[in-house]
Amino acid sequence: KKGDRLFYQRRGVDQVTDILPDQSFGEVQPMYKMRDVEGAVFTVRMIGIGIIGLRPLITMGEAMALMRLLRNGQALEIPENWKERHEACEFKLKTGKAQDAADLMKGLAVFYRDAPFLTRDLASFRMARKMLVSELAVVFGRSGDEMLWAVDGALNGWKLDEAWLLTSN
């Protein structure tokens, strides 16, 4: 409904500003008019929602579990072969799931613990981080910068201050 915040695959969290009728495919279907955090406005046709990855935000409990995973969870096994690694990363990003973004970040962070990232892997890591940070920031009621700091800190093994996460400004 109007005013809801939804997660849009590869973009992050966006807000529904209006729901309009759309007759593009011969019958009237709802179309979401949405705005992202930078203020850009775009539309999403209801007919493609399952395909494009529009979904409700994760819960507070799921968000806490993801932060714990980033800090001390089991890392996703990352293929040694660059092509297989790229395909695995793309698959995780295409799902639009917060869990997959966190798994990808943790796996790549461990894989590249002592070596510089390859360009494609770095791009996948940054996309996963952007998606995850935007959603966690809204769920925890924090700014994007604060959440980026918390996510990067969790990945680096810093002590997770759950009380800080649960008390927004």
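The figures that follow rest on heavy atoms only: side chains count, while hydrogens, waters and symmetry mates do not.
When atom types are taken as modelled, the side chain of N156 and the backbone of D152 share a donor-acceptor pair closer than 3.5 angstrom. In this structure, R55 contributes its side chain and G96 its backbone to a donor-acceptor pair below 3.5 Å. Of the possible polar contacts, none joining the R142 side chain to the A137 backbone as a donor-acceptor pair under 3.5 Å is found.
With hydrophobic clusters built from ILVMFWY side chains whose heavy atoms lie under 4.5 angstrom apart, L104 does not share a cluster with V110. Two different hydrophobic clusters hold F91 and F125 under the rule that ILVMFWY side chains link at heavy-atom gaps under 4.5 Å. By the criterion of side-chain heavy atoms lying less than 4.5 angstrom apart, applied directly or through intervening Ile, Leu, Val, Met, Phe, Trp or Tyr residues, V151 is grouped together with L122 in one hydrophobic cluster. V41 and I19 end up in different hydrophobic clusters when Ile, Leu, Val, Met, Phe, Trp and Tyr side chains are linked at under 4.5 Å.
Distance NZ/K106 to CZ/F111: 15.5 Å, rounded to 0.5 Å. One finds the CG atom of L136 at 10.0 Å from the CE atom of M60 (value rounded to the nearest 0.5 Å). The CH2 atom of W82 sits 5.0 Å away from the CZ atom of R120 when rounded to the nearest 0.5 Å.
Between K94 and the options K97, K92, E90, a side-chain contact (heavy atoms from CB on, under 4.5 Å) holds for only E90. Of the candidates T95, L132, L93, D100 forms a side-chain contact (heavy atoms from CB on, under 4.5 Å) with just one, namely T95.
By the ring-ring contact (aromatic ring centres under 6.0 Å, His included) test, W158 is found to be paired with W149, residues two or more places apart in sequence or in another chain being considered.
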